[in-house]
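The structure under discussion appears below in the form of structure tokens.
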Protein chains: 2
Amino acid sequence: MANEDTRPLTLRDVSEASGVSEMTVSRVLRNRGDVSAATREKVLEAAKALGYVPNKIAGALASQRVNLVAVIIPSLSNMVFPEVMTGISRVLEDTELQPVVGVTDYLPEKEERVLYEMLSWRPSGVIIAGIEHSEAARAMLKASGIPVVEIMDVDGTPVDSMVGISHRRAGREMGKAILKAGYSRIGFMGTKMPLDHRARKRFEGFTEALAKGGIEIADQEFYSGGSALAKGREMTEAMLKRTPDLDFLYYSNDMIGAGGMLYLIEQGIDIPGQIGLAGFNGVELLQGLPRRLATMDACRLEIGTKAAQIIAGLVEDPKSTVEKIVELTPTISYGDTLKRR
Amino acid sequence: MANEDTRPLTLRDVSEASGVSEMTVSRVLRNRGDVSAATREKVLEAAKALGYVPNKIAGALASQRVNLVAVIIPSLSNMVFPEVMTGISRVLEDTELQPVVGVTDYLPEKEERVLYEMLSWRPSGVIIAGIEHSEAARAMLKASGIPVVEIMDVDGTPVDSMVGISHRRAGREMGKAILKAGYSRIGFMGTKMPLDHRARKRFEGFTEALAKGGIEIADQEFYSGGSALAKGREMTEAMLKRTPDLDFLYYSNDMIGAGGMLYLIEQGIDIPGQIGLAGFNGVELLQGLPRRLATMDACRLEIGTKAAQIIAGLVEDPKSTVEKIVELTPTISYGDTLKRR
DNA sequence: TTGAAAGCGCTAACAA
DNA sequence: TTGTTAGCGCTTTCAA
């Protein structure tokens, strides 16, 4: 039976209904300490009959333990963070810990607010995307006294530990592969980057690699907002109108790359002969496209997995030592749009 | 300065550092009650200097108020729920409330666990996808004594209130439009549906509409897992091999529809002359495809918005009356793949 | 405008 | 194996 009035049920209600002390009821409900089968039975029955749901707020305050892991990411709407979340969830499912996500929309101020908000719930750990944070945010993370893992990127210094790839290196590798394949008139398309540090670092690594080969980017364009697939299509069309002699297009993510690819196929352009293409991320989506876009896996699943493992390990044994820096190595898949050499 | 030891800071620390009573510190930090500008200043300074982050666990227990809204959805990895989330977040951002999401993977047992878990934090409201829940889940929702909004679907009876579309009607409307356009050899592709009630209802409505026109589905296939785009491609190829005389393909979501469309274009099949296509959802992604797939908007943003408004209204004034059933009406967009008649 | 006391619902620690 | 007592860190309530 549901309770008749609106007052939420408490342990005391279950205690009274079952004739067992609050403390013992608490023990039964948490499977802690020795309780006789008979008492246990009585308690469980009463709790179920009443429809009692424990109050974790009170429990957490009393025990000084909150089995929550704050996960702070820029966005849920592209494909990358859901996959990181999958990795995190899989690991945490085998523990007492639960992820709670906060979204920052790539805004530093919002990141700060979200972090403050989440820390005020006293989570057991924090997983946060990126290593660029405001001074205040870094201070909060440091002062929190809980395990902190910064993810996605390893080009910089972590507050505590970090798991990710070097985006600068990723950009460089792709640049080298493109040069090696013999392309030389290269266009770049990507998001407006002031706040997307990882995209910026890839771009920097990329131009650096080209420069080493004595080549400069021949054209570039940046977008923000809208359907990425459509943007890729539009930008590609515009860029080829503007700079018709390009022989390679490097996209800062797979979605715009896919849009570009669909456009080029429609135009009957030979890929990768006349124009080569590459994106970044290795999204599953690509598998259904007419050609497999060349791309680079960002190791999203492993990043989530590894980060969660670090937190879980540290929560279980705070004095255990863990790797402070875990750099994963993305690999290029050439697909059908980048000549192999 | 960050605290030197590991003990988290408390109000008392701020009180001592500022020479102001805990109570007044609390008032300053929450902007409640009258506090002189001088005291206020002192407190804020001390709190900032210490790097104090309030403990919401304790605050929530004392005030019996938790400004969290539990949002329980089946998945984050398709496009539909992130957009619902966007609607919810936008509305809640103007209030004290914060969404906290739980994911069920379309599993009733997991839904039950997640719900129990979230309710144990005593949120101010619940937004939960679907109207099919286990008996236990419904009981918990009822007993919780907080506002509950079931979203996405209105074909059934809500625990409290619901906001969504009629998927049965959506399927029917699409069936009617297809018949009206003159198609008659119709194939269906979709997810395995035992647990995706909304897909099942669309399918039922669809076959019902066809039956009224004296037509039966000529072929059908169901999938689970994998890249939806790739699956759409594969299933379409297989189905057309098996049943070459089909003149229409109805997909239970846009992603597989897009995969099918890409395949048909490659095969040089005339769309929508030789074969017509339709999907479901109106995902933004479609905008970049070679043709605009016929689809039906599922009103995801409005669903999120409306649901959050109901919760926010009820939290502000628990005795305010709200619509218990909000049925939104999806509209067909014919795109380039369904003849208009 | 400020402060003191009481207690939110639970669990740690100890006692029986 | 079970129960009792004393808080967890804050806010409510009431008094000054």
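Letters A, B, ... are given to chains in the order of the sequence lines, protein chains preceding strands, and every chain is numbered from 1.
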**Study point:** Salt bridge present between B/D13 and B/R7 (N-O < 4.0 angstrom)
**Key:** yes
Review point. How many Å lie between CG on A/L29 and P on C/dC10, as a whole number?
Key: 9 Å
Check your understanding: Is the count of non-hydrogen atoms from other residues, nucleotides or ligands lying under 6.0 Å from B/E93 atom CD greater than 12?
Key -> yes
Exercise for review: Establish, with yes or no, whether the OP1 or OP2 oxygen of C/dC10 is under 4.0 angstrom from a side-chain nitrogen or oxygen of A/Q64.
Suggested key: no
Point to revise | Sub-4.5 Å side-chain heavy-atom contact between B/V163 and B/I310 | key: yes
Point to revise | Member of A/V322, A/I127, A/V69, A/I311 meeting the side-chain contact (heavy atoms from CB on, under 4.5 Å) criterion with A/P147 | key: A/I311
Study note, to complete from the structure: One would report the end-axis bend of the helix from C/dT1-D/dA16 to C/dA16-D/dT1, five pairs per end and rounded to 10 degrees, as 30°
**Study point:** d(CZ, A/R32; P, C/dA12) in whole Å
**Key:** 7 Å
Review point. Once you round it to whole Å, what is the distance between P of C/dT11 and CG of A/N67?
Key: 12 Å
Check your understanding: Does A/Y52 place a side-chain N or O at less than 4.0 Å from the phosphate oxygens OP1/OP2 of C/dG9?
Key -> no
Review point. Atom CD of B/E22 and atom P of C/dT1: how far apart are they, to the nearest Å?
Key: 21 Å
Check your understanding: Is the shortest heavy-atom distance from the side chain of B/L11 to the side chain of B/Y52 under 4.5 Å?
Key -> yes
Point to revise | Spacing of B/E150 atom CD and B/I72 atom CD1 [to the nearest 0.5 Å] | key: 10.5 Å
Revision key, fill the gap. Rounded to whole Å, CG of A/L9 lies from P of C/dC8 at a distance of 15 Å
Practice item. Please tell me if the side chains of B/L314 and B/S320 come closer than 4.5 Å, counting only heavy atoms from C-beta onward. Key: yes
Exercise for review: Measure from the side-chain heavy atoms of B/A62 and tell me the nearest of C/dG7, C/dT1, C/dA12.
Suggested key: C/dG7
Exercise for review: Check every nucleotide of DNA chain D for an atom under 4.0 Å from a heavy-atom of chain B, then give the first and the last such nucleotide from 5' to 3'.
Suggested key: D/dG9 to D/dT12
Exercise for review: Determine, for B/E323 against B/K306, whether the closest basic-nitrogen to carboxylate-oxygen distance falls under 4.0 angstrom.
Suggested key: yes
Review point. So what does A/R122 touch, heavy atoms closer than 4.0 Å: a base, only the sugar-phosphate, or nothing?
Key: nothing
Review point. Are any of the side-chain nitrogens in B/R113 or B/E109 under 4.0 Å away from the carboxylate oxygens of its partner?
Key: no
Review point. How is B/N55 classified with respect to the nucleic acid when contacts are heavy atoms under 4.0 Å: base, sugar-phosphate, or nothing?
Key: sugar-phosphate
Practice item. May I ask you to say what A/R27 touches in the nucleic acid, namely base, sugar-phosphate or nothing, with a heavy-atom cut-off under 4.0 Å? Key: base
